[in-house]
Protein chains: 2
Amino acid sequence: MIESQVLKRIVPTKDEDLKINEIVEELKNKCRDEIKKLKINAEPILVGSVAKDTHLKKPDIDIFILFQKNTSRKQLEKYGLEIGKNVLNGKRKYAEHPYTTGVYKGYEIDLVPCYKITDTKEKMSAVDRTPFHTKYIIENLKKGQKNDVRLLKQFMKGIGVYSAEAKIQGFSGYLCELLILKYGSFQTLIKEACKWKERVLIEKIPKRFDEPMVFVDPVDENRNVASALSDEKLSLFTHSCREYIKNPGVKFFFPKKPRPLSKKILLKMMVERGTGFIAIVLDKIDIIDENLYPQLRKCEKSIRALCNENNFRVIDSGFYVNNEIFTIFELESLKLPSMKKHYGPMIFMPDAKKFREKWKKNAFTSPYIEKNRWVVNIKRKYINVSDLINENINNLSIGKDLSKIKNFRILEGKDIAQKKYLLHLTMFMDKKFRWEY
Amino acid sequence: MIESQVLKRIVPTKDEDLKINEIVEELKNKCRDEIKKLKINAEPILVGSVAKDTHLKKPDIDIFILFQKNTSRKQLEKYGLEIGKNVLNGKRKYAEHPYTTGVYKGYEIDLVPCYKITDTKEKMSAVDRTPFHTKYIIENLKKGQKNDVRLLKQFMKGIGVYSAEAKIQGFSGYLCELLILKYGSFQTLIKEACKWKERVLIEKIPKRFDEPMVFVDPVDENRNVASALSDEKLSLFTHSCREYIKNPGVKFFFPKKPRPLSKKILLKMMVERGTGFIAIVLDKIDIIDENLYPQLRKCEKSIRALCNENNFRVIDSGFYVNNEIFTIFELESLKLPSMKKHYGPMIFMPDAKKFREKWKKNAFTSPYIEKNRWVVNIKRKYINVSDLINENINNLSIGKDLSKIKNFRILEGKDIAQKKYLLHLTMFMDKKFRWEY
């Protein structure tokens with residue numbers, strides 16, 4: 001019932017598929033023209049979900065340009081980007097690998113150069129495996145299973161675990177297809193996933209992978225298809241499966257957009273908690289998500305560590321990206337007492353004398369003995385967490401690009417509850433799952 | 001120079017020693033009369049520092065009544081206390097062992113029954129070794145070393161480490177004598193002690209002792225004479241020795257009495273520290289120090305643990321005894337935020353469901369996932385440390401006698417700075433060594 005309702009909303013119509021096919025042919029022809037102009041030996045092929053017929057409505061279209069193995073890496077990049085520029089008039093992107101993205105007749109297109117290899121063992125660039133994945137799924141996925149893949153993808157989108165990108169750290173489209181191949185159908189997979197434990201090991205269990213889920217790539221046994229999946233997203237998926245089985249609903253596939261609580265309610269919640277809130281707001285920088293999100297996680301982790309090391313105990317933290325980067329920390333307190341205990345050497349150590357000399361003055365107490373160790377109660381360097389962050393953020397390991405941003409704003413307590421941050425604050429504070437809104 | 005000055009103040013005069021000898025003879029005769037009346041076979045002997053001629057002015061006089069080995073334990077106690085009562089009209093004391101204390105002609109007298117054994121291996125009661133100690137020192141200590149023992153005792157008194165009693169956990173008189181025997185003189189011992197490291201092992205190094213200092217009893221190789229010595233008092237002694245060598249002074253032997261800082265200054269110090277103070281005051285109970293002090297330490301430790309377990313972080317604590325028992329705790333804060341993070345089971349555990357049901361309501365957030373664990377932010381039970389202590393002190397392990405006291409007073413912050421507690425507060429807050437006042 002629910003699943004057929006969902007399918008109606010996600011399976012592309014015949015008309016759309018016809019249009020997509022037209023677009024693909026046009027693009028491939030344009031690529032061939034460019035290849036001819038460049039007088040090189042290469043060919044365009046369709047890969048990805050459209051090729052495998054597991055795409056949802058308005059899919060991204062992935063076209064790869066296969067280059068001969070004797071092409072130099074430099075040439076591959078140069079020609080690849082030149083074709084991309086002329087065909088799509090799009091944007092150069094660099095992840096591990098340079099490629100072009102653009103919009104063509106309303107569809108997002110990726111145009112990616114790669115090497116034409118005959119075995120995945122020969123892999124020369126990061127994306128050479130993709131045509132093998134496409135071929136494997138086309139050859140193995142039954143017609144009836146294609147809509148199961150589509151349901152799974154939409155379910156994962158809905159609960160927020162779809163995509164292996166750095167932003168999500170979830171399940172790739174290829175992993176969805178393999179899971180349907182493995183378990184047969186959407187329903188069976190969901191039921192099986194309810195039983196998943198800490199580590200999910202599918203197919204062979206090679207020792208060399210220590211990720212939370214391991215699904216060995218059928219076209220390359222040295223690769224774990226689930227390598228990008230985080231603990232948290234795996235947990236979220238298995239929990240969502242249990243909730244869905246207990247009480248199925250369209251809301252898992254199409255959750256409501258969360259609505260911000262009012263400023264008044266949020267401020268009241270803050271006061272009731274008695275905790276301290278501090279937000280660091282940065283201007284959005286123009287780098288791709290694959291670079292941005294790992295840096296954001298690093299930044300969040302570094303600031304948490306800085307706070308905790310200085311006894312500002314972090315309860316929770318998070319970040320949200322729109323036209324600004326908004327990072328938020330909830331602490332036991334924004335302030336600490338002036339005095340802190342400072343442990344010195346054992347009393348019989350050679351440096352004990354130095355310690356005592358150093359703290360003879362400028363301390364709240366004389367150096368004193370606890371068991372066989374010198375201790376002294378001294379002035380804490382940072383009494384306010386905002387001073388701590390402000391003075392140290394530039395020395396933290398917060399990622400290459402983020403660390404260049406000098407113009408960060410620190411907001412404390414009720415000053416955070418500005419209109420533009422109310423939705424972030426709401427999601428940060430209520431911790432609801434997507435389908436619960 | 002300094003040492004001869006000190007000796008003038010501590011060595012008993014010939015007149016005093018004559019008086020002490022008279023008293024001892026009178027007491028021994030009184031004991032013999034009582035023994036005759038009781039028609040038992042026993043004899044009084046002088047033991048302790050007076051017998052060894054290592055006593056300071058106004059010494060305690062220790063007389064032991066030696067009973068035959070065939071005396072039953074019950075008879076030993078009964079006759080011992082009866083002799084004590086008739087001779088001293090004193091007070092019965094029970095430590096490990098029953099004895100009588102009283103004042104006779106201005107001197108503190110201990111009258112202690114024990115068994116007359118010929119080898120320490122035959123030891124039948126806790127104090128049977130004492131006559132052997134007395135004999136060993138009389139036979140081995142040179143005449144010229146007696147004043148070294150006296151200096152050492154007075155030095156230890158001055159810095160606060162003299163006596164193996166539970167109250168002090170320091171060095172016994174016998175240990176002082178053995179240390180002088182071992183090192184030859186006060187000066188040599190002090191110099192050697194400056195070099196002492198974490199563990200001090202003197203004479204044999206038997207594996208079976210793990211106390212901070214081990215000095216095997218020359219009359220009983222199964223006993224560590226320094227077994228009562230705490231880490232802290234050993235550290236305090238070695239540190240004092242270093243300070244004394246660097247800058248000798250009468251102040252180490254006769255420190256000034258500490259004077260309380262004014263209420264105004266103490267309150268200012270409290271504010272500057274920004275920390276939280278809480279004191280628990282109990283009526284002094286009528287039990288001997290040997291029972292009181294271990295319970296006080298237990299009490300302090302239990303309350304510290306209670307606070308720390310509930311996130312009230314204790315920086316320092318202490319207790320002071322006069323006509324009241326005053327325990328004090330300095331904390332990072334007297335208050336904590338209402339909200340605390342509560343970790344639940346891994347998401348795939350059978351009890352995960354129960355956890356989620358339990359915290360669906362009455363929490364600040366929905367249960368949420370961190371890595372693969374359930375977490376929820378809930379209401380903290382105790383926001384004020386005074387409520388925590390007040391509601392839990394009766395369930396703590398704070399010692400048999402202390403736990404009977406129902407009438408405790410909790411004082412917070414500036415309410416502690418009452419006139420009668422100013423000296424306690426001063427010593428607790430300035431952490432000076434005795435010779436620094």
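Looking only at side-chain heavy atoms (C-beta outward), B:I159 and B:F252 come within less than 4.5 Å of each other.
Using a 4.5 Å cut-off between heavy atoms, B:M429 contacts chain A through its backbone alone, with no side-chain atom that close. Looking at B:E272, both its backbone and its side chain come within 4.5 Å of chain A, counting heavy atoms on both sides. In this structure, the portions of A:T275 lying under 4.5 Å from any heavy atom of chain B include both its backbone and its side chain.
When the side-chain contact (heavy atoms from CB on, under 4.5 Å) test is applied to A:N311, the partners found at least two apart in sequence or on another chain are A:R313, A:L336, A:R380. Checked against side-chain contact (heavy atoms from CB on, under 4.5 Å), A:P294 has the following partners two or more places apart in sequence or in another chain: A:A166. Qualifying salt bridge (Lys or Arg N to Asp or Glu O under 4.0 Å) partners for A:K191, counting only residues two or more places apart in sequence or in other chains: none.
Residues of residues 362-376 of chain B placed with any heavy atom under 4.5 Å of a heavy atom in chain A are listed by number as B:F364, B:T365, B:S366, B:P367, B:Y368, B:I369, B:E370, B:K371, B:N372, B:W374.
Taking chain B as the reference chain and counting heavy-atom pairs below 4.5 Å, the highest number among A:E232, A:R273, A:E332, A:E436 is found for A:R273. In terms of heavy-atom pairs under 4.5 Å with chain B, the best-connected choice from A:K432, A:K353, A:K195, A:E243 is A:E243. Most heavy-atom pairs under 4.5 Å with chain B, from the set A:L234, A:T238, A:I383, A:D430: that is A:D430.
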Note to self: Between B:W435 and B:Y244, is the side-chain contact (heavy atoms from CB on, under 4.5 Å) condition met? List the steps.
What the structure shows: CA-CA 10 Å; B:W435 63 87; B:Y244 180 74; over 6 Å; no

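Between B:Y183 and B:W196, the ring-plane angle classifies as tilted under the 30° and 60° cut-offs.
Interatomic distance, CZ of A:R297 versus SG of A:C299, reported as 12.5 Å (0.5 Å rounding). Interatomic distance, B:Q169 CD to B:L236 CG, rounded to the nearest 0.5 Å: 12.5 Å.
With no hydrogens or angles considered, no side-chain donor-acceptor pair links B:K341 and B:N377 at under 3.5 Å.
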